[in-house]
Amino acid sequence: MKIEAILQETYNEVIGFENIGETASYIPELAGVDPDLFGVHISTLDGKSCGIGNYQEKFSIQSIAKTLSVTYAYQMLGDKIWEKVGVEPSGTAFNSLVQLEADYGKPRNPFLNAGAIVISDILISNLSNPKDDFLDFVRSIDDNNQIAYSRKIAQSEKEVGYRNIALCNFIKSFGLIDNEPSDVLDFYFTLCSIEMTCEELSRTFLYLSNNGISPKNNRELLTESQSKRVNALMQTCGFYDESGEFAFKVGLPGKSGVSGGIVAVHPDQYSIAVWSPRLNPKGNSYKGMKFLEAFTTKSRLSIF
Ligand code: GLU
């Protein structure tokens, strides 16, 4: 069966499932999103592109942006970034403070909020106009100037971001943050607010299927070895405290966000994005997980 037909068949099946879970209510702007939207889009390295449902609707990609920020920092500074952030799964919630005390402020990985805050600090120290430069970087991956931040969402999160404020100050007390916490957090909330459609997401992430090179413009975003490592991090740490389950059921490196988006890549083959805002108890999109599990099972296109 063709990949487009498998996508359609899987979509038809999963749209009929009961839609369980809640939207992320701790960010007021996210709580107001229609919880029953559901879109998927696949982009393949051999040029196929197929979307179904609400795949052209923008949503803030939240933690999915952490893959892009670590890519940018890794590209600029290489292995030095691992001096400040680790590469181990945490086994704790994405916004947990618990391990930081024992680990002297060094976050276990760049996908935890703590780790992404440290990466934000690194980017601020190395960019002249952090927000503009980061957005330009993201846009340049697929030559897409339609990608933008949502000021409303960034502001909404900023007003209630008590835990992230605590994380940032706590890490700073160990000397692992160089800039002012208010600047680091302003950048962090802004990068999480980036809005994309499923189509834009799957296209943007194709570089991780293609050894770090954008298939759109041949730009090298990461070396082959760096791309392998970012995929390894997505595989082991990309789904909060459910990364093992995602590897077990779906079998692809990927990253999710509390807005209900998931992007996953199959090295040398394709990138796929799913969006459905209702989250399971671990904070991953309920239908997104179900969809990807069924898709990789039917298509037999997982890495295991
Ligand atoms: N901006 C969100 C936060 O810091 C990102 C969380 C996520 O998507 O995992 O809480």
Side-chain angles (χ1 to χ4, degrees), residues 21-33 35 58-70 85 89-98 100 107-121 123 131 134 138 149-171 177 181-196 198 201 205 233-234 236-243 245-246 254-264 273-286 288-289:
E22 301 297 328
T23 55
S25 56
Y26 74 99
I27 302 177
E29 275 293 320
L30 289 185
V33 175
K58 297 262 191 190
F59 60 96
S60 85
I61 66 171
Q62 293 296 318
S63 274
I64 297 174
K66 295 173 182 171
T67 306
L68 302 170
S69 56
V70 80
V85 58
S90 70
T92 57
F94 70 106
N95 56 6
S96 172
L97 282 130
V98 174
L100 279 176
R108 290 273 168 109
N109 68 69
F111 296 149
L112 291 164
N113 285 10
I117 287 170
V118 168
I119 295 290
S120 296
D121 179 62
L123 287 175
K131 288 185 194 173
F134 181 67
V138 174
Y149 297 123
S150 162
R151 272 178 221 278
K152 244 164 94 181
I153 289 181
Q155 188 55 34
S156 171
E157 186 170 6
K158 203 171 177 178
E159 281 162 17
V160 294
Y162 305 114
R163 233 169 210 276
N164 288 319
I165 295 166
L167 284 168
C168 190
N169 282 293
F170 197 46
I171 300 168
I177 297 266
S182 56
D183 295 336
V184 178
L185 289 162
D186 182 49
F187 180 71
Y188 170 75
F189 292 136
T190 303
L191 81 88
C192 287
S193 81
I194 282 194
E195 291 187 311
M196 290 197 208
C198 286
L201 254 186
F205 272 71
L233 279 169
M234 291 207 295
T236 52
C237 313
F239 293 86
Y240 311 114
D241 198 15
E242 204 173 26
S243 301
E245 183 96 359
F246 191 83
K255 184 73 200 86
S256 66
V258 287
S259 48
I262 298 179
V263 63
V274 191
W275 176 50
S276 172
R278 288 190 194 270
L279 307 178
N280 70 18
K282 292 285 171 86
N284 292 304
S285 168
Y286 175 77
M289 294 270 286

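All values derive from a computational prediction rather than experimental measurement. We count ligands from 1, going down the list as the structure has it; atoms in each ligand are counted the same way.
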What's the verdict on side-chain contact (heavy atoms from CB on, under 4.5 Å) for Leu279 and Thr23, showing C-alpha distance, side-chain angles and the deciding distance? CA-CA 6 Å; Leu279 307 178; Thr23 55; 5.9 Å; no
Quick check for students: name every N or O atom pair between ligand 1 and the protein closer than 3.5 Å, with distances.
{"residue": "ligand 1", "atom": "1 (N)", "partner": "Gln62", "partner atom": "OE1", "Å": "2.6"}
{"residue": "ligand 1", "atom": "1 (N)", "partner": "Glu157", "partner atom": "OE1", "Å": "2.8"}
{"residue": "ligand 1", "atom": "1 (N)", "partner": "Glu157", "partner atom": "OE2", "Å": "2.7"}
{"residue": "ligand 1", "atom": "4 (O)", "partner": "Asn113", "partner atom": "ND2", "Å": "3.0"}
{"residue": "ligand 1", "atom": "4 (O)", "partner": "Glu157", "partner atom": "OE2", "Å": "3.0"}
{"residue": "ligand 1", "atom": "4 (O)", "partner": "Asn164", "partner atom": "ND2", "Å": "2.9"}
{"residue": "ligand 1", "atom": "4 (O)", "partner": "Tyr188", "partner atom": "OH", "Å": "2.6"}
{"residue": "ligand 1", "atom": "8 (O)", "partner": "Ser63", "partner atom": "N", "Å": "3.0"}
{"residue": "ligand 1", "atom": "8 (O)", "partner": "Ser63", "partner atom": "OG", "Å": "2.9"}
{"residue": "ligand 1", "atom": "8 (O)", "partner": "Tyr240", "partner atom": "OH", "Å": "3.3"}
{"residue": "ligand 1", "atom": "8 (O)", "partner": "Val258", "partner atom": "N", "Å": "2.9"}
{"residue": "ligand 1", "atom": "9 (O)", "partner": "Ser63", "partner atom": "OG", "Å": "2.5"}
{"residue": "ligand 1", "atom": "9 (O)", "partner": "Tyr240", "partner atom": "OH", "Å": "2.5"}
{"residue": "ligand 1", "atom": "10 (O)", "partner": "Tyr26", "partner atom": "OH", "Å": "2.5"}
{"residue": "ligand 1", "atom": "10 (O)", "partner": "Asn113", "partner atom": "ND2", "Å": "3.4"}
{"residue": "ligand 1", "atom": "10 (O)", "partner": "Glu157", "partner atom": "OE2", "Å": "3.3"}

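- Side-chain contact between Lys131 and Asp186: present, with at least one pair of heavy atoms (C-beta onward) separated by less than 4.5 Å.
- Not counting sequence neighbours, the partners of Phe94 by the ring-ring contact (aromatic ring centres under 6.0 Å, His included) test are Tyr240.
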Solution key, residues 254-264 side-chain donor-acceptor pairs under 3.5 Å, sequence neighbours excluded:
{"residue": "Lys255", "atom": "NZ", "partner": "Gly238", "partner atom": "O", "Å": "3.1"}
{"residue": "Ser256", "atom": "OG", "partner": "Asn284", "partner atom": "OD1", "Å": "2.5"}
{"residue": "Ser259", "atom": "OG", "partner": "Ser60", "partner atom": "O", "Å": "2.6"}

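- Lys282 meets the salt bridge (Lys or Arg N to Asp or Glu O under 4.0 Å) test with no other residue; sequence neighbours excluded.
- Defined by atom type and a distance below 3.5 Å, a donor-acceptor pair is missing between the side-chain atoms of Asn113 and Asn95.
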